[in-house]
Amino acid sequence: MSEKKVIQSVKGTREFYPTEMALRNFIYSRAREASELFGFQEWDGPFLETIDLYAAKSGDELVKEQAFVFPDRGGDLITLRPELTPTLARMVAQKQNELTYPLRWWSFGPFWRYERPQRGRSREFFQWNVDMMGVNSPEADAELIAVAANFLRLCGLKPDQTVILINNRKLMDQQFAELEITPENRLAVSNAVDRRNKMESDKWDQYVIDLGLTEVQLNGLKKLLADYDLWKTSDELVRLFAALKDMGVGEYVRFDPNIMRGLLYYTGTVFEAFDTSGSVKRAIFGGGRYDNLLKEVGGDPLSGVGFAMGDVVVGIILKELGLITDQTSLPAKVMVTIFDAGSYGVSAKIATNLRNEGINVILYPEPAKLQKQFKFADKMGIKSVVVVGPDEISQGNVTLKNLTDMTQSTISESELVSVLLKSLK
RNA sequence: GAGGCUGUAGCUCAAAGGCAGAGCGCCACACUGUGGAUGUGGAUGUUGAGGGUUCGAAACCGUCCAGCCUCCCCA
């Protein structure tokens, strides 16, 4: 440790020690549970893709600036996948007429983006993707939001700790039209809306004026963005919020006209989730309806709705709120000690019997002072320790110590399994 | 890609040009059949890397690397 220099990991990559792995698995298991509650099927695509797949969305900064691209030995440009949606579009397009719709798919896997690592953002991350394709209705949109809300609930995040903000691109487009904002200008205005909470108020006003809007339009826009009842004028949103209520997640959602989302392909409902403490300003997840995705990869038009969630932001929030109740990193609840070299065989057989009953057991790997073995058990969080010394062996007994309440009792070896099964329940 | 802050023991940090330290953790013993407590003792560093200035650098200067924050973008 003192002389050799440890070679650094690649910048922005993740190292999952058992504690971090438990967090990742916690997120993965909750994502799976939420997905499966709604009948979604798990799928995955390649981690490597050609750059052409992403080039279909030309002009996309995601690919040009933020993708890991390198030549393979044949000189072709290979990309570490920065997102899943193009892969989804291709895989659906390839079997478009064989698949059964509405199609409900979910996926959880690694992605890479070459950006500056900072809080909530790394170059390597895991992302949960959930999509429904082949149906276009506010109720379908509501189902996706309900999956996401159920994930929050399963993680122990309460409605007062997180909120899913919802808007609709069509509604905003119509409002922009009423303000007589030209169609060419609407994208830039959308981006301005996205950036509004990052800029000072008067600077933002000037920014919007610089885009070519009049004072009247600016004031109309500001009034629009403050109108939290605007959703009542949209049939789609009225139906969406009704469905969300019926699906039991009304507490988690709120209309917010300021949610636009940068991605160009969203055409209707859009949504993003945040933690209300504001400790992490980034969205926990985001998604929306896209109606024209398959055309770009050669398929027939097929509408869909989906969202994606990275593991980094939600991981920070779960850690901060102390919600990691999972004991995934607990290796075993039972440890069998080795009293001395001569009794190793007895201990090993006891451990084997317990394992045959499906109990996870650590057998101390060598004779050592009991003190040392107990200390190890304590540090590993093991609940029960079995001691098999000369006194026990001569009587056919074992001593079982409960490290949680410090009690211990000597019982016959034949009782051990049933006593342990009972206490571990 | 742009701007700012930071980097000292495993961790959190002190030492403000003059002997590299503390707390916690770790290891051993007290305790040869029992963990967390207590006591005693012990180990640990190319001060992120490599240069420069200086009699002398953890400190000052520039370079590189890494982390954090803001912007860009986004999960």
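So you know, we letter chains A, B, ... as the sequences are listed, proteins then strands, and number each from 1.
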**Asked** Which whole-number value in Å describes the distance from A:Tyr364 OH to B:G33 P?
**Response** 16 Å
**Request:** Rounded to whole angstrom, note down the P distance from B:G33 over to B:A43.
**Result:** 30 Å
**Message:** Please give the distance between the P atoms of B:G48 and B:G7 as a whole number of Å.
**Reply:** 8 Å
**Message:** In this structure, how many angstroms lie between the P atom of B:C29 and the NZ atom of A:Lys372, rounded?
**Reply:** 9 Å
**Asked** Mind checking the P distance from B:G10 to B:U46? Whole angstroms is fine.
**Response** 8 Å
**Prompt:** Looking at B:G1, B:A75, B:U32, which one has an atom nearest to any side-chain atom of A:Lys369?
**Reply:** B:U32
**Message:** Are more than 12 heavy atoms, taken from residues, nucleotides or ligands other than A:Lys222, located less than 6.0 Å from that residue's NZ atom?
**Reply:** yes
**Message:** Using the P atom as the point on both nucleotides, what is the distance between B:U47 and B:A20, in whole Å?
**Reply:** 11 Å
**Prompt:** So what's B:A15 paired with, Watson-Crick or G-U wobble, going by both distances under 3.5 Å?
**Reply:** none
**Request:** State, without any angle test, whether A:Tyr28 and A:Arg32 hold a side-chain donor-acceptor pair at a distance under 3.5 Å.
**Result:** yes
**Request:** Name the nucleic acid region contacted by A:Val387, choosing base, sugar-phosphate or nothing; use a 4.0 angstrom heavy-atom cut-off, strictly under.
**Result:** base
**Request:** Taking only the side-chain heavy atoms of A:Arg116 (C-beta and beyond), determine which of B:G4, B:A75, B:C72 contains the nearest atom.
**Result:** B:G4
**Asked** For the pair made of CZ in A:Arg81 and C1' in B:A75, what is the distance, rounded to whole Å?
**Response** 13 Å
**Message:** Whether the side chain of A:Arg121 and the base of B:C74 hold a donor-acceptor pair under 3.5 Å is what I'd like checked.
**Reply:** yes
**Request:** Rounded to the nearest angstrom, tell me the gap between atom NZ in A:Lys11 and atom C1' in B:G7.
**Result:** 15 Å
**Asked** With respect to the side chain of A:Ala308, which nucleotide from B:C72, B:A75, B:G35 is positioned closest?
**Response** B:A75
**Item:** Whether A:Phe125 stacks on the six-membered ring of B:A75 base, 5.5 Å and 30° limits
**Value:** yes
**Prompt:** For A:Asp391, which contact category applies under a 4.0 Å heavy-atom criterion: base, sugar-phosphate, or nothing?
**Reply:** base
**Request:** Fit a plane to each ring of A:Tyr266 and A:Tyr290, take the angle between them on a 0 to 90° scale, and name the class: parallel (under 30°), tilted (30 to 60°) or perpendicular (over 60°).
**Result:** tilted
**Message:** Looking at A:Lys375, I'd like to know whether one of its side-chain N or O atoms comes within less than 4.0 Å of OP1 or OP2 on B:C31.
**Reply:** no
**Asked** OP1, OP2 of B:C69 versus side-chain N and O of A:Arg119: anything below 4.0 Å?
**Response** yes
**Request:** Please work out if A:Gly12 contacts a base, only the sugar-phosphate, or nothing of the nucleic acid, heavy-atom cut-off 4.0 Å.
**Result:** sugar-phosphate
**Prompt:** Across the strands shown, which category fits A:Thr410 at heavy-atom distances under 4.0 angstrom: base, sugar-phosphate, nothing?
**Reply:** nothing
**Prompt:** Separation of A:Lys281 atom NZ from B:A75 atom C1', in whole Å?
**Reply:** 18 Å
**Item:** Separation of atom CG in A:Asn191 from atom P in B:C71, rounded to whole Å
**Value:** 15 Å
**Asked** Closest to the A:Arg282 side chain: B:C26, B:C74, B:G67?
**Response** B:C74
**Asked** Looking at B:G33, does its base get a donor-acceptor pair with the side chain of A:Glu392 below 3.5 Å?
**Response** yes
**Prompt:** Taking the side chain of A:Arg113 as heavy atoms from C-beta outward, which of B:C69, B:C73, B:C74 is closest to it?
**Reply:** B:C74
**Prompt:** Counting heavy atoms not belonging to A:Tyr114, are there more than 12 under 6.0 Å from its OH?
**Reply:** no
**Asked** Does CZ in A:Arg90 sit with more than 12 non-hydrogen atoms of other residues, nucleotides or ligands closer than 6.0 Å?
**Response** yes
**Request:** Between B:A15 and B:C74, how far apart are the C1' atoms? Round to whole Å, please.
**Result:** 43 Å
**Message:** My understanding is that a pair needs two contacts under 3.5 Å, Watson-Crick or G-U wobble. By that rule, which nucleotide pairs with B:C27?
**Reply:** B:G41
**Message:** Looking only at side-chain N and O atoms, does A:Arg169 offer a donor or acceptor that is under 3.5 Å from a partner on A:Gln174?
**Reply:** no
**Request:** Provide, to the nearest angstrom, the distance between the CD atom belonging to A:Gln66 and the C1' atom belonging to B:C72.
**Result:** 9 Å
**Request:** Could you check which nucleotide pairs with B:C5 in any of the strands shown, counting Watson-Crick or G-U wobble with both distances under 3.5 Å?
**Result:** B:G67
**Prompt:** So which nucleotide does B:A57 pair with, by the Watson-Crick or G-U wobble rule with both distances under 3.5 Å?
**Reply:** none
**Request:** Would you mind classifying the nucleic acid contact of A:Phe285 as base, sugar-phosphate or nothing, using non-hydrogen atoms under 4.0 angstrom?
**Result:** sugar-phosphate
**Request:** Consider the side chain of A:Lys379, meaning its heavy atoms from C-beta on, and name the nucleotide among B:G35, B:C73, B:C27 that approaches it most closely.
**Result:** B:C27
**Message:** Mind checking if A:Pro117 touches a base, just sugar-phosphate, or nothing, with heavy atoms under 4.0 Å?
**Reply:** sugar-phosphate
**Asked** Think A:Gln371 has a side-chain N or O under 4.0 angstrom from the OP1 or OP2 of B:G35?
**Response** yes
**Fill in**
Between CD of A:Gln118 and C1' of B:A66 the distance, given in whole Å, is 15 Å
**Prompt:** Could a donor-acceptor pair under 3.5 angstrom be found where the side chain of A:Glu272 meets the base of B:A75?
**Reply:** no
**Asked** Using 30° and 60° as the class limits, which term best fits the ring planes of A:Phe126 and A:Phe16: parallel, tilted or perpendicular?
**Response** perpendicular
**Message:** What contact category does A:Lys401 fall into here, base, sugar-phosphate, or nothing, at under 4.0 angstrom with non-hydrogen atoms?
**Reply:** base
**Asked** How far, in whole Å, is B:A9 from B:A14 if one measures between their P atoms?
**Response** 12 Å
**Prompt:** Crowded around A:Glu251 CD? As in, over 12 foreign heavy atoms under 6.0 Å?
**Reply:** no
**Message:** Is it the case that B:U34 (base atoms only) and A:Gln408 (side chain only) share a donor and an acceptor within less than 3.5 Å, ignoring hydrogens and angles?
**Reply:** yes
**Prompt:** Taking a pair as Watson-Crick or G-U wobble with both distances under 3.5 Å, which nucleotide is matched to B:U47?
**Reply:** none
**Request:** With heavy atoms under 4.0 Å as the rule, sort A:Phe126 into base, sugar-phosphate or nothing.
**Result:** nothing
**Message:** Consider ring-ring contact (aromatic ring centres under 6.0 Å, His included). Of A:Phe307, A:Trp105, A:Phe108, which one does A:Trp128 pass it with?
**Reply:** A:Phe307
**Message:** Between B:C26 and B:G21, how many Å separate the two P atoms, rounded to a whole number?
**Reply:** 23 Å
**Asked** In whole Å, what separates the P atom of B:G56 from that of B:G52?
**Response** 12 Å
**Prompt:** Between A:Arg123 and A:Tyr114, who's closer to the 5' end of RNA chain B by nearest nucleotide?
**Reply:** A:Tyr114
**Request:** With RNA chain B as reference, determine whether A:Ile382 or A:Glu115 sits nearer its 5' end, using the nearest nucleotide of each.
**Result:** A:Ile382
